[in-house]
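Right, one structure below, let's go through it.
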Amino acid sequence: MSSVRVEEGLTKGEPVQAYVAQRTPCRIGNPGALGLFSFASTTFILSLYNLQTRGIHTPNAVVGMAIFCGGLVQLLAGMWEFPRGNAFGATAFGSYGALWMAYTTIFIPGSRVLSAYSNEKELASALGIFLIAWFMVTFFLLIASFRKMIGLALLFAFLSLTFLLLAIAEFTGKEKVIKAGGATGAITAFIAYYVGLAGLLASEDRPVILLPVGIFAPRKPN
């Protein structure tokens with residue numbers, strides 16, 4: 001906002017509110033692609049582990065990725081969305097950044113979270129409730145995404161299903177359900193890659209190509 005314009009308004013006897021309300025446009029670049037790529041990469045790796053790709057049964061290799069890429073980078077992307085006025089992006093990236101860091105902390109030996117459970121069924125139930133909570137958060141974001149674009153709605157729909165399947169897998173202990181959650185998680189990751197790439201290309205002054213993400217038709221006034 002320019003103080004010169006305020007002073008000019010005062011000398012001309014014009015309402016000050018007309019000048020105070022005008023702010024300098026935000027110069028922060030769109031952090032959406034950064035957040036989506038970080039989310040997609042971490043989700044893709046863990047989903048392949050849940051599918052036991054190439055005989056992998058231990059997912060510990062994803063810990064560093066989840067803390068720094070899925071966690072820290074997404075959290076930063078979310079905080080950068082706030083000054084851009086994008087409450088949806090800030091809420092989504094900030095939430096899932098915190099999710100990855102919180103979920104990974106459980107599996108770090110130094111946190112002693114796992115060692116606190118002597119009963120495997122109790123641990124599975126605790127993890128299942130953890131995942132159910134994030135299923136609920138994701139479902140709420142799915143509802144909010146209906147005002148955004150079809151690509152985002154598909155992302156949150158598959159992510160909701162992923163959390164639900166993984167929670168059921170913890171409650172039941174069925175390996176097939178874990179693999180089903182891994183499959184839907186991999187699909188979610190590819191959708192996130194696509195939406196992130198679409199946003200990255202659209203932010204360029206002279207994009208080589210534009211990818212369609214689908215825009216919901218605006219509601220007609222009664």
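Worth knowing before you read on, the calculation uses all heavy atoms, side chains too, and leaves out hydrogens, waters and symmetry mates. One-based numbering along the sequence shown.
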Taking the side chain as C-beta and beyond, is there a heavy-atom pair between [X] and [Y] under 4.5 Å?
| X | Y | result |
| --- | --- | --- |
| F140 | S160 | no |
| F107 | N60 | no |
| T188 | F156 | no |
| F163 | I132 | no |
| T184 | L165 | yes |

Test of understanding: clusters of I, L, V, M, F, W, Y form through side-chain heavy atoms closer than 4.5 Å, transitively. Do [X] and [Y] belong to the same one?
| X | Y | result |
| --- | --- | --- |
| I67 | L75 | no |
| I150 | F139 | yes |
| L159 | M101 | no |

With rounding to the nearest 0.5 angstrom, report the [atom1] to [atom2] distance, [X] to [Y].
| X | Y | atom1 | atom2 | answer |
| --- | --- | --- | --- | --- |
| L155 | I191 | CG | CD1 | 6.0 Å |
| T104 | F68 | OG1 | CZ | 10.5 Å |
| Y103 | L131 | OH | CG | 5.5 Å |
| F190 | S47 | CZ | OG | 9.5 Å |

Side-chain donor/acceptor of S203 to backbone N/O of L200, under 3.5 Å: yes
Verdict with reasoning, I106 to L114, per side-chain contact (heavy atoms from CB on, under 4.5 Å): CA-CA 7 Å; I106 295 174; L114 294 180; 3.8 Å; yes
Non-hydrogen atoms of V63 and I108 that approach each other most closely: CG1-CG1, 4.3 Å
Contact summary for N86 and K148, nearest pair of heavy atoms: OD1-NZ, 4.2 Å
Output a table of donor-acceptor pairs, distance under 3.5 Å, between side-chain atoms of residues 30-46 and any protein atom two or more places apart or on a different chain; print 'none' if there are none.
{"residue": "N30", "atom": "OD1", "partner": "G32", "partner atom": "N", "Å": "2.9"}
{"residue": "S38", "atom": "OG", "partner": "L34", "partner atom": "O", "Å": "2.8"}
{"residue": "S41", "atom": "OG", "partner": "F37", "partner atom": "O", "Å": "2.9"}
{"residue": "S41", "atom": "OG", "partner": "Y193", "partner atom": "OH", "Å": "2.9"}
{"residue": "T42", "atom": "OG1", "partner": "S38", "partner atom": "O", "Å": "2.9"}
{"residue": "T42", "atom": "OG1", "partner": "G70", "partner atom": "N", "Å": "3.3"}
{"residue": "T43", "atom": "OG1", "partner": "F39", "partner atom": "O", "Å": "2.8"}

Step-by-step side-chain contact (heavy atoms from CB on, under 4.5 Å) determination, L142 to F146: CA-CA 7 Å; L142 169 62; F146 290 146; 4.0 Å; yes
Residue list, side chain to side chain contact (heavy atoms under 4.5 Å, CB included) with A183, at least two apart or on another chain: L51
Set of side chain to side chain contact (heavy atoms under 4.5 Å, CB included) partners for M149, sequence neighbours left out: L152, V195, V213, I215
Neighbour count above 12 (heavy atom, 6.0 Å) for M79 CE: yes
Parallel, tilted or perpendicular: ring planes of F130 versus W134, cut at 30 and 60 degrees: tilted
Flag for Y49-T58: side-chain donor and acceptor within less than 3.5 Å: no
Can you give the donor-acceptor pairs under 3.5 Å from side chains of residues 121-128 to other protein atoms, not counting sequence neighbours?
{"residue": "S125", "atom": "OG", "partner": "K121", "partner atom": "O", "Å": "3.0"}

Contacts under 3.5 angstrom, residues 168-182 side chains, donor-acceptor by atom type, not counting sequence neighbours:
{"residue": "T172", "atom": "OG1", "partner": "I168", "partner atom": "O", "Å": "2.8"}
{"residue": "T172", "atom": "OG1", "partner": "K174", "partner atom": "N", "Å": "3.4"}

Ring pair (Phe, Tyr, Trp, His ring centres under 6.0 Å) against F93, all qualifying residues, sequence neighbours excluded: none
